[in-house]
Amino acid sequence: ELLLAAITRDEAAPLQRLLEHNAVQLYTFSGAAEAQSYADSAAALAPLEEAVRSVKAEGMSTDLARAIRQVIDKAQGRRLAAVILASDGRSTQPTSLKDALDLAAGRQIPIFPLRIGSPDPVRDIEVGPVRAQDGVFVNDILAIEAQLSARGLTESTPVRVTLVDERNGATVATQTVSLDPTVGATTVELRTKPTRGGATRYRVEATALADETNTQNNAERVDVTILEGGLRVLYVEGYPRYEYRYLKNALVREQTMQISGLLIEADEQFIQEGTDPIRRFPDTPEELNRYDVVLFGDVDPRGGWLTAAQMNMLLDFVGNEGGGFGLIAGERAAPHRYLGTPLEKLIPVSIDSGFLGRYDAPLVAGYRPRLTAEGQRSRVFRFAADRTANATLFDSLPELYWVARTLGPKPGASVLAEHPTLRTATGAMPIVVTGRYGAGKLFFQATDDTWRWRRHNGELLHDSYWVQVARELMRDARASQDRRYVLRTDRRTYAYG
């Protein structure tokens, strides 16, 4: 626009002045120079002026050096009085501008630059990409993460970011973010609790700067499936330890779940617990595939209640059918009794064969697990919509005592919580670990003390944790039933090498 205004001002006076003594050839260039229009007298001004007005900046690159060389070469020895070059001076191609200028100087062709643009960068805010879980349940905390990029800022600038439910146009979350000009991108997390089920589109929108000209990139959308219930969980436990009693109660009370409990060491007359009780582990894939998630407590896979065929069936349930599997460690069997069995593949940590569950002395010193960066982002430990409030709630949890020693997470696994002092050869001792096996999700908890979290907090945080664990293990297909293809990765970030 600046260029056209300069050349066509005063009834194209600059072009008329040139045509008094010269012929004018108009070239446009992106990667290569292309001839557009030619005029050798004032009488031919109209087509040349129209050609200038019709120029559009539609190229995908800028190669200044190549354009200059091509214009000189196309003269084929004829004398060029000058090259008038309209440019902002930037070239996107790794070619040598000095060589092109030396070529022009060697042929005594002066280059007159029309310097276009402003030394001040355009102020612009861009939203994207936006990420969210594929599916959450009604009244769950939904976290939507968006990146904000800013250009042209000279100082830290506050920007208001809103989350809009496009089904009804309601603003469901708001946050003010300070954008630092020295930082490439800033991540903001907006949280809400959806109250209606179904496919929902959310819009993350940043308020435009006062002098921002391009506002089309100030918003980005993401689709989320809000589920209304029906998650089926099979929980198998060895004996009625505290972890079993309170975990089972938490899942039974959750109205969006159906739970089948199986207590292996119970008497034959014992009525198995749950909303859908069973008396044995499923014998067929059809029986097992009724469930979305299978949780094992402190059970011995070699104890005679599980056959080799059932183990392989469970592997297929996770790896091919996309079911979730979790193991909660205990003093008797888990995880050391899984070493060397087919089910070892479903445990996202490397088992320490030297740790058999018991300690030589009573555990009198407690510890509080430490959340990793991945754990802070995970919905497993999401107790409040506000990040600061969530951290405060987690820090208020009572101490744990027992921990199953392992050799650390397997490659590709994500550690959500770790021991504050115990170490493995590769890092801190993991307490809560997630991973993938084929199409399914994995979970491992190295303590059986989360029942202690009920102290001072009642059932709120303890139950919320276990409900979120079950939902984290939910089949991906539950949230993507309308998709023909689903691309999965086994972790959120990858390190080079």
Side-chain angles (χ1 to χ4, degrees), residues 130-133 135-148 156 158-165 170-180 186-196 200 202-207 222 224 226-227 246-247 250 253-256 366-400 414-420 431-432 434 443 445 447 449-472 492:
V130 176
R131 301 185 183 91
Q133 299 128 301
V136 296
F137 284 83
V138 171
N139 294 321
D140 270 359
I141 296 174
L142 168 64
I144 295 179
E145 186 180 274
Q147 281 195 341
L148 270 67
S156 184
V159 174
R160 185 170 179 263
V161 184
T162 57
L163 180 64
V164 179
D165 183 343
T171 298
V172 294
T174 302
Q175 189 172 336
T176 298
V177 181
S178 184
L179 298 183
D180 188 337
T186 300
T187 299
V188 58
E189 186 178 83
L190 299 165
R191 297 185 175 189
T192 182
K193 278 189 174 183
T195 57
R196 291 190 302 165
T200 306
Y202 289 94
R203 183 176 74 250
V204 179
E205 191 169 35
T207 303
V222 63
V224 182
I226 310 300
L227 305 171
Y246 295 115
L247 191 167
R253 278 192 292 260
E254 177 54 45
Q255 296 181 354
T256 63
Y367 68 91
R368 285 189 171 87
R370 182 173 56 204
L371 289 184
T372 64
E374 189 75 14
Q376 293 172 10
R377 289 192 294 263
S378 172
R379 67 175 172 180
V380 167
F381 292 103
R382 194 166 290 152
F383 305 124
D386 179 73
R387 187 187 294 267
T388 302
N390 193 78
T392 301
L393 284 173
F394 182 79
D395 291 340
S396 71
L397 292 172
E399 291 182 323
L400 308 178
S414 297
V415 178
L416 306 187
E418 57 192 15
H419 199 284
I431 302 296
V432 177
T434 59
F443 170 85
Q445 179 181 285
T447 181
D449 277 348
T450 63
W451 58 272
R452 297 180 184 275
W453 287 349
R454 302 175 72 258
R455 185 182 182 187
H456 307 313
N457 297 294
E459 299 157 348
L460 175 64
L461 302 185
H462 170 270
D463 288 12
S464 175
Y465 168 75
W466 280 112
V467 168
Q468 295 291 46
V469 166
R471 290 176 176 172
E472 181 70 15
R492 185 186 183 93

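Nothing here was measured: the structure is a model prediction, and the numbers come from that model.
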Quick one: list whatever passes side chain to side chain contact (heavy atoms under 4.5 Å, CB included) with [X], sequence neighbours left out.
| X | value |
| --- | --- |
| T187 | E145, Q147 |
| A389 | A384, D386 |
| A391 | none |
| Q376 | L371 |

Run the salt bridge (charged side-chain N to carboxylate O under 4.0 Å, His left out) test against [X] and tell me which residues pass, sequence neighbours left out.
| X | result |
| --- | --- |
| E459 | R253, R454 |
| R387 | E189 |
| R370 | E418 |

Please enumerate all residues that pass side chain to side chain donor-acceptor pair (under 3.5 Å) together with [X], with sequence neighbours excluded.
| X | answer |
| --- | --- |
| T195 | none |
| T200 | R167 |
| T450 | E243, W466 |
| D140 | R471 |

Just by modelled atom types, is the V415 backbone N or O under 3.5 Å from a matching donor or acceptor in the T372 side chain?
->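 Yes; judged by distance alone, with no hydrogens or angles, the pair exists.
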Got a donor-acceptor contact below 3.5 angstrom from the R203 side chain to the V222 backbone?
->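 Looks like no, no N/O pair under 3.5 Å.
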Grab the two heavy atoms, one from [X] and one from [Y], that are nearest each other, plus how far apart they are.
| X | Y | result |
| --- | --- | --- |
| A250 | V467 | O-CG2, 4.3 Å |
| V204 | A146 | CG1-CB, 3.9 Å |
| I431 | H419 | CG1-N, 3.5 Å |
| E374 | S414 | CG-CB, 4.1 Å |

Side-chain touch [X]/[Y], heavy atoms, less than 4.5 angstrom:
| X | Y | value |
| --- | --- | --- |
| T174 | R160 | yes |
| F443 | V432 | yes |
| W453 | L400 | yes |
| V469 | Q445 | no |
| E472 | L416 | no |
| V172 | Y202 | yes |

Apply ring pair (Phe, Tyr, Trp, His ring centres under 6.0 Å) to F381 and list each qualifying residue two or more places apart in sequence or on a separate chain.
->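 F381 satisfies ring pair (Phe, Tyr, Trp, His ring centres under 6.0 Å) with F394, Y465 only.
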How far apart are the C-alpha atoms of T186 and D180, what are their side-chain angles, what is the distance that settles it, and do they pass the side chain to side chain contact (heavy atoms under 4.5 Å, CB included) test?
-> CA-CA 8 Å; T186 300; D180 188 337; 5.7 Å; no
Which distance, rounded to the nearest 0.5 Å, do you find between the [atom1] of [X] and the [atom2] of [Y]?
| X | Y | atom1 | atom2 | value |
| --- | --- | --- | --- | --- |
| Q175 | R191 | CD | CZ | 10.0 Å |
| R382 | N390 | CZ | CG | 7.5 Å |
| S464 | R379 | OG | CZ | 11.5 Å |
| R368 | L397 | CZ | CG | 8.0 Å |
| K193 | L142 | NZ | CG | 12.0 Å |

Would you mind checking if R452 and E399 are paired as a salt bridge, meaning a charged N to carboxylate O distance below 4.0 Å?
->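 Between R452 and E399 there is no salt bridge, as every charged N stays at least 4.0 Å from the carboxylate O atoms.
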Can you list the steps and then say if T171 with L163 is a side chain to side chain contact (heavy atoms under 4.5 Å, CB included)?
-> CA-CA 6 Å; T171 298; L163 180 64; over 6 Å; no
Could you go step by step and tell me if V138 and T256 meet the side chain to side chain contact (heavy atoms under 4.5 Å, CB included) rule?
-> CA-CA 9 Å; V138 171; T256 63; over 6 Å; no
